There are 2 protein chains.
Amino acid sequence: MKNNLDKVDIRILELLQENSKMTAKELSGRLNLSQTPIFERIKKLEREGYIKNYMAELNERRLGLKQIVFIGVTLKGHTRSYLEKFVEKVREFPEVLECYQVAGNYDFMLKVILEDIEAYQVFVETKLSLISELGNVNSYIAIKKGKQTHKLDLGFLRSRL
Amino acid sequence: MKNNLDKVDIRILELLQENSKMTAKELSGRLNLSQTPIFERIKKLEREGYIKNYMAELNERRLGLKQIVFIGVTLKGHTRSYLEKFVEKVREFPEVLECYQVAGNYDFMLKVILEDIEAYQVFVETKLSLISELGNVNSYIAIKKGKQTHKLDLGFLRSRL
DNA sequence: TTTGAAACAAACGTGGC
DNA sequence: GCCACGTTTGTTTCAAA
């Protein structure tokens, strides 16, 4: 599926990504168009799948989720069914925000979020280590956040117009 | 700062996290309250910092950002200024979505998103490897997504009410 | 803290350029 | 494609309980 976004579409995506409460009216002011085309472009962007969803971004720390851990996992075997079963089980853990099969010296890289180190210890002991396919586990405990964003940089799209 | 959220607040956060376009009216129907209390609870949740922002979640693949890479980085030295300078520089790269200082056998763990492997190669060559504090780099190239979500599981809050 | 109603603003649809 | 207006729907405030 090709992407034929123009300058205005890209700008709309950037602005809504920063603040989805921005109204069509505000957008129309900033982009020198009236509300109707803005409104229709947004609907198009939703319809064509550029916008997946609108969500409230919560403050993890404020809610008590203070510990992020990256986990490099190696499995015992590498047959298709081993890989699939591992993913299936890991998916069910709400602590796991991300799980990717990777190329490199692990089979999977996970990102989990928990209340604290103790909760991580409990998670490994009572959930992760019970997965029968599991081989080795390497933990990277976040001790300081340098950068964290969900915002995708769309600058690269502009250079292709 | 303590967190004194009740059952209704937790439910509101969960629902808005899934879909921030849900109206106060819809919420009031689901939670058996009228619009005003819902409205005021949302404002309180925003004011007290539980809700950081409202954002449009974009579809990375649809936009052409198909490659995720985790990078384990070791620096040449570990003085405070080394660590800080590295973070400062990495922050400026729009490809880098996350950067944490970690405990484990790396100093930092990064998550970057790019168009493809070639773009990753260019990123390393023209940006990452030019950071003078950089020691070793280990890449974990995502080859299959098992799970990816931004949604925090708030179930743990309920068990503490 | 809630309800219900009323004022206001935004979202959405239609017709004309 | 866009603009301008009109209707519907949601947001926000306020009196009253």
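Throughout, protein chains are lettered first and strands after them, A, B, ... in sequence-line order, and every chain is numbered starting at 1. All values derive from a computational prediction rather than experimental measurement.
Ring to ring, B:F123 and B:F93 are close: their centroids are under 6.0 angstrom apart. Taking the six-membered ring where the residue is Trp, the centroids of B:Y100 and A:F70 are separated by under 6.0 Å.
Close to D:dC2, at under 4.0 Å from its OP1 or OP2, lies a side-chain N or O of A:R41.
Contacts of residues 9-17 of chain B with DNA chain D (heavy atom under 4.0 Å): none. In the region residues 25-40 of chain A, proximity to DNA chain C at under 4.0 angstrom, judged on heavy atoms, holds for A:K25, A:T36, A:F39.
A salt bridge between B:R30 and B:E26 is absent, with no side-chain N of the basic residue lying under 4.0 Å from a carboxylate O of the acidic one.
Geometrically, A:K21 engages B:Y54 in a cation-pi contact, judged by NZ or CZ lying under 6.0 Å from the ring centre and within 45° of the ring axis.
Residue B:D6 is tested with B:R160, B:K44, B:R41 for a salt bridge (Lys or Arg N to Asp or Glu O under 4.0 Å); the sole match is B:R41.
From B:L45, atom CG reaches atom CD1 of B:I51 across 5.0 Å, with rounding to the nearest 0.5 Å. The CG atom of B:L27 sits 5.5 Å away from the CG atom of B:L16 when rounded to the nearest 0.5 Å.
C:dT1 atom P lies 17 Å from atom NZ of B:K43, rounded to whole Å. The CD1-P distance, from A:I42 to C:dA11, rounds to 8 Å in whole Å. Nucleotide D:dG10 holds its P atom 17 Å from the OH atom of B:Y54, rounded to whole Å.
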> Can you list the steps and then say if B:Y140 with A:N105 is a side-chain hydrogen bond (donor to acceptor under 3.5 Å, both in side chains)?
Replying inline: CA-CA 8 Å; B:Y140 301 95; A:N105 46 10; 2.8 Å; yes
